[in-house]
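In what follows, every heavy atom counts, from backbone to side chain, and hydrogens, waters and symmetry copies are set aside. Every value quoted in this text rests on a predicted model; they were computed, and no experiment measured them. We name chains A, B, ... by the order of the sequence lines, and we start the count at 1 in each one.
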Amino acid sequence: MARRRAPRGTEDLLPDRIPCFEHIFRSCRLVLEGAGYGEIRTPMMEDTSLFVRSLGEVTDVVQKEMFNIQRGDTDLTFRPEGTAPVVRAYLERNLDKQRPFQKFYYMGPMFRFERPQAGRSRQFYQIGIEALGSASPLLDAEVIACAQRCFEAMGLKNFKLHLNSIGDDSDRDRYRVVLKEYMQGLLDERCEDCQGRFERNVFRMLDCKVRGCQPSNKAAPQFLDHLGEESLQRFDATLHALDAMGIPYERDPGIVRGFDYYTHTVFEVRCPDLGARDAICGGGRYDGLIADLDGPDLGAVGFAIGVTPSMLALETQGHPMASPQAPELPIFVAPVGNAQREAAFLLTDRLRQAGLATDTDFENKSLKALFKYGNKRGLKLMLMLGADEQSRGVVKVKDFTSGEEFELADDAELAGALQARLEQS
RNA sequence: GUGGCUAUAGCUCAGUUGGUUAGAGCACUAGAUUGUGGUUCUAGGGGUCGCCGGUUCAAUUCCGGUUAGCCACCCCA
C-alpha cells in the first residue's frame, strides 16, 4: 500500500501528547527565567563551517551525522546542537562588547542523521542554557543546579548527576601522554572499538562499556591526579558550592563528552529507567569556544536537556502529565434538531468571543452520541438548543459533574452565568 | 555504519503444524431508551494479514529481498 510516512527518525506529536511536551517546557522555563536566563531563538540552520569548527572535525556528529544542504555557494546544516549557534549570535550581535556576561536559554528541535533507537531520533527537542562570559567556578555550580531543578520541577524521579573535570588544554595534553603510555601495553586485551579509540581519542577508552575493558579502566591513571593546581582548585570550588546547595552528584571519571569544545567541568544526568540510552542531559564548561569562533577569550558553561528522553522517563515513571490527554474543553453546544445547527454554531461563536472554550457539532451526530463524546472528553457543561428552547429564548444546560439540568436565558448574561457555573464546580 | 528481533482491523494483540467466509478486546456507528452521557445488552461498519519476488495444486502462514519499527553497538539529548 506504501502509505506516506514521516521521514525516518521523525514523528508527529499529536494533540494528546502536547500537554506532556508543554509541561516539560513550562517547568524548565520557570526555573530558568527565575535564575536570570533570557530566551534566545536562533535559526534552525547555520553555516556548516560553524559546527565543523566548534564541535571538531573528527567528531562523529560532524563526520557522519549532519543534515546538510548545499545549493550554489551556500552550505548549510540543520543544527545538531544548540551551543555553537548561541555563541555565534552572541558574537554577531556584539553582545560581548556591550555586556560580556549574558545568560541564555533556548528550546527547540535539533537534527542528527543517526540510526533511530529508543529515546533517539533524527529530529529531537532540546532545552538548553548557555552562560557566556565568565570563568567563575560558581557559575558551573549554578548551571548544574539549574539542570537539577529543571528535572525536579517537571517531577522526574530517580535521576543521577554524573560529574567530572577534564581540565584545560595543557592538563589534557599532559594526561593524554600518561594515558597513552598506560594503554599502549594493554592494547591486546582491549576490545576492537578501543583499538580505534587509542589513536582517535584515548579518553574515550575510559567510558568503554565492554566488560573485558573494565579492569584496565579501573586501574588506569585518573585524570584528577593529573589536573594542574589551578584546575583542581576551580573544580573544588564548584564541588564545594554544589555541596553547600545540597545538590547530589557522583564523581565519575568516565564522563568525557564527545565535543571538542569542552573544558574543566563536564557532566551528564542519567535516568536508569530509560534503556541503554539513559542520558537526559549533558553539559559542561567550554572555555575555548568563544575564542575559537573569533571572539574574545571568555569562559562559558551550559547544558542541554533532551526533551524526548525526558518524556519517555516521565512516561515509564507513570507521571500524570505523561499520559495522553485531550486538550481541555469545558463547554459544548448541542443542536437538538437540524434546524438548530446554525443557531448552535452562532451561540458557540458568541461564547468563544466571551472567552469561554466552547465547541459544537459538525457531523450531524445524535444527541446521544454528543453526550457520549462529551463524557469522554471531560466536558463540564452541555448546552442543548432545540426548537422549544429556541422559541422561548433559552438554552438547557446539563452539568456533567453534578448531573443536574437547568435552563438559562439566551441573552447577554449567558456567558457570565456559564462562567460562574464553571468556577463553582 | 554493524548486529538481533518484529511487521495481521484506527489501537493492543491472538491465529492458521500452508487449504479455500481471518478473530478477540478497546474504539467507532445504530438500536434497546420516540430530544440526554458515564453501567449493561444486541447488531453493524472496518483488513488486497508491510511491500516485491520465489517454492507450491494452494501462501497471511515457508524461503529470499526490500522498507519501516523496536532493541543493542558506535556515538549521543
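Among the protein residues, Lys398(A) comes within range of the nucleic acid bases, having at least one heavy atom under 4.0 Å from a base atom. Contacts of Thr83(A) with the nucleic acid, taken as non-hydrogen atoms under 4.0 Å apart, are absent. Here Tyr125(A) lies out of heavy-atom contact (under 4.0 Å) with every strand. Contacts of Gly283(A) with the nucleic acid, taken as non-hydrogen atoms under 4.0 Å apart, are absent. Within 4.0 Å (heavy atoms only), Gly119(A) reaches at least one base atom of the nucleic acid. No contact: Met110(A) has no heavy atom under 4.0 Å from any strand. Residue contacts for Gly282(A): at a heavy-atom cut-off of 4.0 Å it reaches the sugar-phosphate backbone alone, with no base atom in range. Here Gly128(A) lies out of heavy-atom contact (under 4.0 Å) with every strand. At the heavy-atom level, Glu11(A) lies nowhere under 4.0 Å from the strands shown. Within the nucleic acid shown, Arg8(A) comes within 4.0 Å of sugar-phosphate atoms alone, with no base atom in reach, counting heavy atoms only.
Aromatic ring pairs are classed by plane angle as parallel below 30°, tilted from 30° to 60° and perpendicular above 60°; the pair Phe159(A) and Phe151(A) is tilted. In this structure, Phe111(A) and Phe78(A) have tilted ring planes: the angle between them lies in the 30° to 60° band.
Considering only side-chain N and O atoms, Lys365(A) lies nowhere under 4.0 angstrom from the phosphate OP1 or OP2 of rC28(B). Applying the 4.0 Å criterion to OP1 and OP2 of rA72(B), one finds that Gln117(A) has a side-chain N or O inside that range.
Looking only at atom types and distance, the side chain of Gln102(A) has no donor-acceptor partner in the side chain of Tyr37(A) under 3.5 Å away. In the model, Gln123(A) has a side-chain atom that pairs as donor or acceptor with a side-chain atom of Tyr125(A) under 3.5 Å. Side chains of Gln340(A) and Asn338(A): no donor on one and acceptor on the other come within 3.5 Å.
Across every strand in view, rU2(B) sits in a pair with rA72(B) that passes the Watson-Crick or G-U test at under 3.5 angstrom. Judged by Watson-Crick or G-U wobble contacts below 3.5 Å, the nucleotide rC28(B) has rG44(B) as its partner. Pair assignment for rC49(B): none, as no Watson-Crick or G-U wobble contacts are both less than 3.5 Å.
The distance between atom NZ of Lys396(A) and atom P of rG35(B), rounded to the nearest whole Å, is 11 Å. Asp60(A) places its CG atom 12 Å from the P atom of rA77(B), with the value rounded to the nearest Å. For the pair Phe371(A) CZ and rU39(B) P, the computed distance is 15 Å after rounding to whole Å. We find that CG of Asn364(A) is positioned 13 Å from P of rU29(B), with the value rounded to whole Å. Rounding to whole angstrom units, CZ of residue Phe259(A) and C1' of rC75(B) are separated by 9 Å. Distance, Glu114(A) CD to rA77(B) P: 10 Å, rounded to whole Å. With rounding to whole Å, Arg190(A) atom CZ is found 16 Å from rC73(B) atom P. Put simply, NZ on Lys160(A) is 20 Å from C1' on rA77(B), counting in whole angstrom units.
rG54(B) sits 25 Å from rA9(B) when the P atoms are compared, rounded to a whole Å. Distance noted for atom C1' between rU66(B) and rG37(B): 49 Å (whole Å). A distance of about 33 Å separates the C1' atoms of rC62(B) and rC26(B), rounded to the whole Å. Atom P of rU55(B) sits at a distance of 34 Å from the matching atom of rC11(B), rounded to the whole Å. Comparing the P positions of rA58(B) and rU20(B) gives a spacing of 15 Å, expressed to the nearest Å.
Ranking rC73(B), rC74(B), rC71(B) by closeness to the Ala276(A) side chain, first place goes to rC73(B). Here the side chain of Ala118(A) is nearest to one of rG35(B), rU29(B), rC71(B), namely rC71(B). The Glu405(A) side chain lies nearest to rU36(B) when the options are rU36(B), rA72(B), rG35(B).
Taking the six-membered ring for Trp and the full ring otherwise, the centers of Tyr249(A) and Phe267(A) sit at least 6.0 Å from each other.
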**Request:** Give the C-alpha distance, both sets of side-chain angles, the deciding distance and a yes or no for side-chain contact (heavy atoms from CB on, under 4.5 Å) between Glu39(A) and Leu32(A).
**Result:** CA-CA 9 Å; Glu39(A) 183 170 3; Leu32(A) 300 175; over 6 Å; no
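No hydrogens or angles were tested; on distance alone, a donor-acceptor pair under 3.5 Å links the side chain of Arg115(A) to the base of rG3(B).
rG37(B) has no base stacking with the ring of Tyr373(A) when judged by centroids under 5.5 angstrom apart and an interplanar angle below 30°.
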